[in-house]
Amino acid sequence: MEKMSEPTPAMSPEEFRKYAHEVVDWMADYLADVRRYPVLSKAEPGALTDRLPHEGPESGESMDTILNDFFREVVPGLTHWNHPRFFGYFSVSASGPGILGEMITSVLNINGMLWRTSPAVTELEQVTLDWIRQWIGLPEGTFGIIHDTASIGVLHAILAAREKACPEVRKDGTHPPMTLYASEHAHSSIAKSALGAGIGQENIRLVRSDAEFRMDADELERLIEQDRTAGRLPFFVAATLGTTSATSVDPLPRIIEIAKKHGMWLHVDGAYAGVAAMLDEYRHHFAGIDQADSVIVNPHKWLFTPIDLSILYLKDKELMKKSVAIETPAYLKAAEHPRALNYSEYGLALGRRFRSLKLWFVLRYFGRQGIANIIRNHIQWVQEVAKQIDAHPDFEVVAPTPFSLVCFRYKGTDQDNQRLIAEVNETGHAFLSGTMLGGRFVIRMTVGNVAATRDDVQSTWQLIQKCAERMKAAV
Ligand SMILES: *Cc1c(COP(=O)(O)O)cnc(C)c1O
């Protein structure tokens with residue numbers, strides 16, 4: 001027989017208050033001092049696993065012990081994504097107002113699956129997404145819904161598109177070969193989601209791109225016609241405005257024409273760069289976005305909102321609803337009211353976090369102009385450093401820099417470039433990542449953190465040059 005012990009009571013409000021203050025103080029210190037941390041964790045694989053107990057605790061432990069272990073054991077194994085010099089992948093930021101929103105969301109712990117399970121959760125999502133809709137130039141009446149990530153958002157767009165092209169598939173799960181198109185530089189989530197929607201690997205076309213890494217629209221049209229001739233059903237094309245490797249911009253007006261001509265669904269992936277449509281001087285990159293059947297923008301990337309929060313906009317919300325419609329179980333039946341939207345009827349997930357609160361805080365705290373000013377600075381600092389890099393005899397910029405990402409190379413081998421990234425990252429000062437462009441390994445540096453400064457960018461460029469000189473001297 002196991003020994004019976006007293007049940008651990010819920011944390012008392014007094015204890016919660018004490019530790020909440022302690023944790024918030026730590027959070028404020030972290031934000032103030034984040035530049036002191038090495039951006040990239042130096043932890044060895046398995047290091048944390050070996051240091052933590054292999055079995056869970058039998059009895060409850062004190063918050064003091066737990067927090068001490070967090071600071072001592074967990075923090076050294078962290079890579080600091082909220083560091084202003086996190087320049088790899090895409091920089092992200094949890095801004096102060098966003099963090100406060102996230103804290104309240106967890107205290108409330110609401111599940112906004114239906115309007116009536118918490119009316120304000122549904123309505124705040126509708127209101128905030130409608131503000132952003134207007135700021136990025138989507139038509140009135142566009143439906144917005146929050147998903148955790150762009151990956152899950154595009155899966156839903158594909159399901160809605162499949163419903164439009166071939167509604168019978170929902171009955172028996174089979175359909176004629178349906179083909180989906182995206183550029184070879186499109187994000188991998190599109191191909192993954194196509195698999196998830198039952199499209200099949202052989203029916204995913206990654207369209208070749210031009211010298212500036214934009215989808216070759218002539219090739220798109222050729223592939224579509226070839227598939228039609230072969231009896232396949234081209235149904236979905238994704239245009240990426242701001243690709244993941246190089247932030248290249250697919251030729252949207254041409255792609256719209258082709259999609260219309262063939263009656264296909266047009267998806268726009270603006271997960272990273274979509275927010276730049278808020279700026280008049282960059283809006284030309286997004287010309288035609290109002291024609292899209294679906295659009296994705298990720299506030300958790302370049303809109304200072306803590307991960308996770310991705311927006312899927314849809315021209316026709318009824319197709320989305322139909323694509324996942326089942327006989328509603330009795331326990332979920334909700335009274336119909338034209339103004340009471342049940343978000344869970346528009347996606348695969350039932351449970352929904354109260355994500356819009358942090359977004360509402362961010363949008364109100366900065367305002368449209370405040371957001372635009374920060375994004376504008378990021379782009380200008382990157383375009384400035386891109387010029388300096390390209391003017392340096394040992395470096396070259398290898399792609400246009402329409403937004404806040406510069407792709408460049410040290411004029412050497414791929415291995416030299418990999419070594420250069422490793423040496424920069426090893427210093428802990430900044431974090432860079434790499435990618436393959438045109439068959440060559442290149443260095444990516446992207447600026448998007450709300451606390452980043454011009455000096456963060458410039459000091460990192462100085463460091464890159466210093467590491468390169470050291471490398472050259474060692475040869
Ligand atoms: C990052 C990115 C995605 C994936 O975003 P998640 O929210 O992490 O799924 C999709 N498309 C583009 C263009 C991206 O840059």
Side-chain angles (χ1 to χ4, degrees), residues 79 81 86-94 98 129 132 136 144-159 180-197 204 206-207 209 213-215 236-250 252 255 266-277 282 285-286 289 292 294-313 347-349 353 355 358-359 375 378-379 382 399 401-407 433-437 444-449:
T79 284
W81 283 70
F86 184 104
F87 294 140
Y89 309 118
F90 277 122
S91 347
V92 295
S93 30
L129 301 198
I132 294 178
I136 64 172
I145 181 167
I146 296 175
H147 288 289
D148 52 358
T149 57
S151 309
I152 298 304
V154 71
L155 170 61
H156 284 84
I158 294 171
L159 292 177
L180 171 147
Y181 308 77
S183 115
E184 59 181 336
H185 283 283
H187 193 266
S188 55
S189 58
I190 296 176
K192 263 196 191 177
S193 294
L195 286 185
I204 299 167
L206 296 183
V207 184
S209 56
F213 315 107
R214 302 168 298 197
M215 185 195 283
F236 184 100
V237 54
T240 309
L241 306 183
T243 58
T244 310
S245 270
T247 60
S248 52
V249 177
D250 286 340
L252 187 55
I255 297 172
L266 175 70
H267 175 72
V268 168
D269 184 354
Y272 183 68
V275 290
Y282 299 104
H285 292 304
F286 303 89
I289 196 172
S294 52
V295 175
I296 282 184
V297 180
N298 271 11
H300 75 215
K301 272 191 173 158
W302 204 7
L303 198 52
F304 325 132
T305 305
I307 191 165
D308 48 8
L309 199 163
S310 173
I311 307 172
L312 171 65
Y313 286 111
L348 295 169
R353 298 185 71 224
R355 290 194 179 89
K358 58 187 173 186
L359 183 60
I375 290 174
H378 292 166
I379 299 174
V382 165
T401 52
F403 303 112
S404 68
L405 166 74
V406 55
C407 294
S433 64
T435 190
M436 293 298 291
L437 277 184
R444 292 171 77 265
M445 179 171 173
T446 167
V447 180
N449 186 279

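Indexing begins at 1, ligand by ligand and atom by atom, following the structure's order. Side chains are part of it too, since the values below use all heavy atoms of this structure and drop only hydrogens, waters and symmetry mates.
- The distance criterion of under 3.5 Å between nitrogen or oxygen atoms is met by Ala150 with respect to ligand 1.
- Between Ile375 and Tyr282 there is no side-chain heavy-atom pair separated by less than 4.5 Å.
- Counted by atom type alone, His267 and Ser294 present one or more donor-acceptor pairs between their side chains at under 3.5 Å.
- Taking a cutoff of 4.0 Å between a charged side-chain nitrogen and a carboxylate oxygen, Arg353 and Asp148 do not qualify as a salt bridge.
- At a 3.5 angstrom cut-off on N or O pairs, Thr240 does not count as close to ligand 1.
- No donor-acceptor distance shorter than 3.5 angstrom exists from the side chain of Ser248 to the backbone of Ala246, with no hydrogens or angles considered.
- Checked against Val295 for a side-chain contact (heavy atoms from CB on, under 4.5 Å), the options Ile311, Leu266, Val268 give a single hit: Val268.
- In the vicinity of Ser151, heavy-atom distances shorter than 4.0 Å reach the ligand 1 atoms 6 (P), 9 (O).
- Close approach of ligand 1 to Phe90 (heavy-atom distance below 4.0 Å) involves ligand atoms 15 (O).
- Contact annotation: Gly242 has at least one heavy atom less than 4.0 Å from an atom of ligand 1.
- Between the side chain of Ser91 and the main chain of Thr446, a donor-acceptor pair closer than 3.5 Å is present.
- Considering backbone and side-chain atoms alike, His300 places an N or O below 3.5 Å from some N or O of ligand 1.
- When only interatomic distances are considered, the shortest N/O to N/O separation between Lys301 and ligand 1 falls below 3.5 Å.
- Ligand 1 places these atoms under 4.0 Å from at least one heavy atom of Ala271: 2 (C), 3 (C), 10 (C), 11 (N), 12 (C), 14 (C).
- At least one N or O atom of Asp269 sits closer than 3.5 Å to an N or O atom of ligand 1.
- In this structure, atom 10 (C) of ligand 1 lies nearest to the protein heavy atom His187 CG, 3.3 Å.
- Ring pair Phe304/His378 is perpendicular by interplanar angle, where above 60° counts as perpendicular and below 30° as parallel.
- Checked by distance only, ligand 1 and Asn298 come closer than 3.5 Å through their nitrogen or oxygen atoms.
- Residue Asp148 has no N or O atom closer than 3.5 Å to an N or O atom of ligand 1.
- Ring orientation note: the planes of Tyr89 and Trp81 are close to parallel, at an angle under 30° on the 30°/60° scale.
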